[in-house]
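A quick write-up on the structure given underneath.
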Amino acid sequence: MSDQSETQSSSAEEERHPLAMETLVALCASRGFIFPSSEVYGGINGFWDYGPLGVELKNNLKAAWWQRMVRQRTDVVGIDSAIISHPRAWEASGHVDHFSDPMVDCRTCKRRFRADQIEGERCPEAPRKRALTDCDLTEARDFNLMLQTQIGASVEAQVTAYLRPETCQPIFTDFKRVRESARQKVPFGIGQIGKAFRNEITPRNFTFRSREFEQVEMEFFCHPSQREEWFASWREERMRFHHDLGFDSGNLRFRPHAPDELAHYANAAEDVEFLFPFGWQEIEGIHDRGDWDLSRHSEFSGKDLIVTDEATKERYTPMVIETSMGVDRTCLALLVNAYTEEEIEGGETRNVMRLSPGIAPVKAAVLPLSKKLSEPARALHADLSRTMNVFYDDAGNIGRRYRRQDEIGTPFCVTYDFDSQDDGKVTVRERDTMGQERISIEGVVSYVRERVEAGI
Ligand code: GAP
C-alpha cells in the first residue's frame, strides 16, 4: 500500500488557512519556482519542472540535509545508487506483490480513481445533478503503483524492470558492500538523495502527490536491543531539522501511526506533518522497519547480510530505523510557510517569502541605483557570486526592484548609489524588517555570508 496519509477532511485550521493554493501555484509559475512539466503540450499530470528559483531552493534543502545527516556525522555515510535495481529486489521488498492502491474505473467518463476517494457510488467527476444510475463504476481492483520499463536490445530478450518507488531499497542491497568499504560498525546509517517514481492514480495538490518526486532517506542499522532508543533519537533529530529550516512550530506536528496503519513488519512509525492549505499532511516519515528488508534481501539473493558483534560474537540481522523525507513536499511546505502578504506604508501591500537565508534561492540582489553605476555594481556582484547565488537587477524603480526580491524571498538587497564611490559604502536592506544599514563595500561578502550560514 502506498502512503495514504492524504485525507479528505476539512479541519478548522484548514478553513482558517490564510493562503489559497491557487495563489501559490500562480506565483510559483510566474516567478519560476515550479510549473507543469512539458507545459507547451498542456502539461503531464503528476510531473513538475523546477525553474531557476525552484532548483536553487531544492538544492539548498538537499544540501542542508546532506550536511546535517551525512557530513556532520561519523556514523552515517552516503551513496548514490542507480534508479533501476535488479527486478528481484522489488520482489524481495514486497513491492511487486503489495505496492498497490485499490482503484475503480468509471465506465461513463473513463477516468480512474482511488477507491478510498469515492464517496458512495458516485464518480467524483459526475455533475451533481446526474443521477446515481448514470455513474457506472467498476469494482475496486488493486493497481500496482510501480512504473515499468523494458531493458534489452531486442524485443524478444527484453526484461521488465521498475523505476524505484522509494530510494531506500538500494541502501539495503548495498548494505554489506558499504559497511565493509566504509569500515562502519553497527550502529551506523546510510543516506541517499534521489528520484522516486509512483504511478499515483490521482496525483494532486500541486507537487504534494506527484508521479516523479525526490526523497531523502536514511536507513540506520542497529542492534535489536537498541531499536526503541534509536527510533526516539531520530524522531527528535528530524523534528529539530524541520524547525531549523525555519518552519513555524504551530505548522508542524508528529502523527504516530495507529496499529492498523503499520506495515506488518513495522514496530513503530510516526509522520512529521505540516499544515498545508489542504490540511495536515505528511512531509516525512520515521519508521522502525525491523529486520524485514535485510532478511528478505538475504533470502532472495542468497547472500548473508548478518553481522557479528566483535565483543560478544553474537550473529544477528540489524534492525532498521528509517527517516524518509519528501524533497518536493518539504519545498512546497517551505513555500506555504514562508508566503506572507502584508500591509506597508501608504496602504500598499507587499508579498514576502520569509524563507530562512540558508534556504532562500537567491541570497542577495545587487541593485545599482542607475545603469551608469553598473561597472562597480557588477564587480560587487562578481565578488558575492563566487560563493553564493546572487541576482543582479538594474532595471526600473528601486521600490519595485525591492518588491520583486521580497516576493522570491531574497534576504538582502545591496544598493549601490551615487555616494558609494566616494564613501566606499553600500546600503544593505533586510527583507523582513525592511531596515537599511550602510556598510563598507569590502565588508558586504562577509556580512551576507555570516547571515546565510547562521542557520540552515
Ligand atoms: N521508504 C519509505 C517510504 O518511501 P513513504 O511514506 O511512502 O515511505 C516517504 O514516503 C516520503 O516520500 C513521504 O513522507 C513524502 O514526503 C514523500 N512522498 C511519497 N509519495 C509521494 C508522492 N507521490 N509525491 C511526492 N512525495 C511523495
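Keep in mind that this is a model prediction, so the values were computed, not measured. When a ligand or atom number is given, it counts from 1 through the structure's own listing order.
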Exam field: side chain Arg431 to backbone Met353, donor-acceptor pair closer than 3.5 Å: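 Yes; at least one donor-acceptor contact below 3.5 Å.
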Please identify which atoms of ligand 1 are closer than 4.0 Å to at least one heavy atom of [X].
X: Cys168; answer: 1 (N)
X: Ser210; answer: 22 (C), 23 (N), 24 (N), 25 (C)
X: Arg289; answer: 1 (N), 2 (C)
X: Glu217; answer: 1 (N), 2 (C), 3 (C), 4 (O)
X: Glu322; answer: 1 (N), 2 (C)
X: Glu166; answer: 1 (N), 2 (C), 3 (C), 4 (O)
X: Glu284; answer: 14 (O)

Verdict with reasoning, Asp304 to Arg315, per salt bridge (Lys or Arg N to Asp or Glu O under 4.0 Å): CA-CA 11 Å; Asp304 181 3; Arg315 283 169 55 75; 3.5 Å; yes
May I ask you to check whether [X] has an N/O atom sitting below 3.5 Å from an N/O atom of ligand 1?
X: Glu200; result: yes
X: Thr207; result: no
X: Arg209; result: no
X: Phe208; result: yes
X: Phe213; result: no

Per-residue contact class, Glu273 against ligand 1 - non-hydrogen pairs under 4.0 Å: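 Neither; nothing of Glu273 gets under 4.0 Å from ligand 1.
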Location of contacts on Thr330 toward ligand 1, heavy atoms closer than 4.0 Å: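 Thr330 to ligand 1: no contact under 4.0 Å from either part.
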Cationic N near anionic O, under 4.0 Å, Arg235 to Glu270: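 Answer for the salt bridge query: yes.
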With Glu214, the side chain to side chain donor-acceptor pair (under 3.5 Å) member among Arg329, Lys62, Lys195: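 The side chain to side chain donor-acceptor pair (under 3.5 Å) with Glu214 is passed solely by Lys62 among Arg329, Lys62, Lys195.
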Nearest atoms (heavy-atom pairs only) where Ser81 meets Gln192: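 For Ser81 versus Gln192, the nearest heavy atoms are N-OE1, 2.7 Å.
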Pro318 to Val307 - nearest heavy-atom pair and separation: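 So the two residues come closest at CG-CG2, 3.9 Å.
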Neighbour count above 12 (heavy atom, 6.0 Å) for Glu180 CD: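 Buried by this count: over 12 neighbours within 6.0 Å.
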Arg112 atom CZ: more than 12 heavy-atom contacts under 6.0 Å: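 Counting other residues, nucleotides and ligands, CZ of Arg112 exceeds 12 neighbours.
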Tyr50 ring center within less than 6.0 Å of Phe35 ring center: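 Distance test on ring centres: not under 6.0 Å, no.
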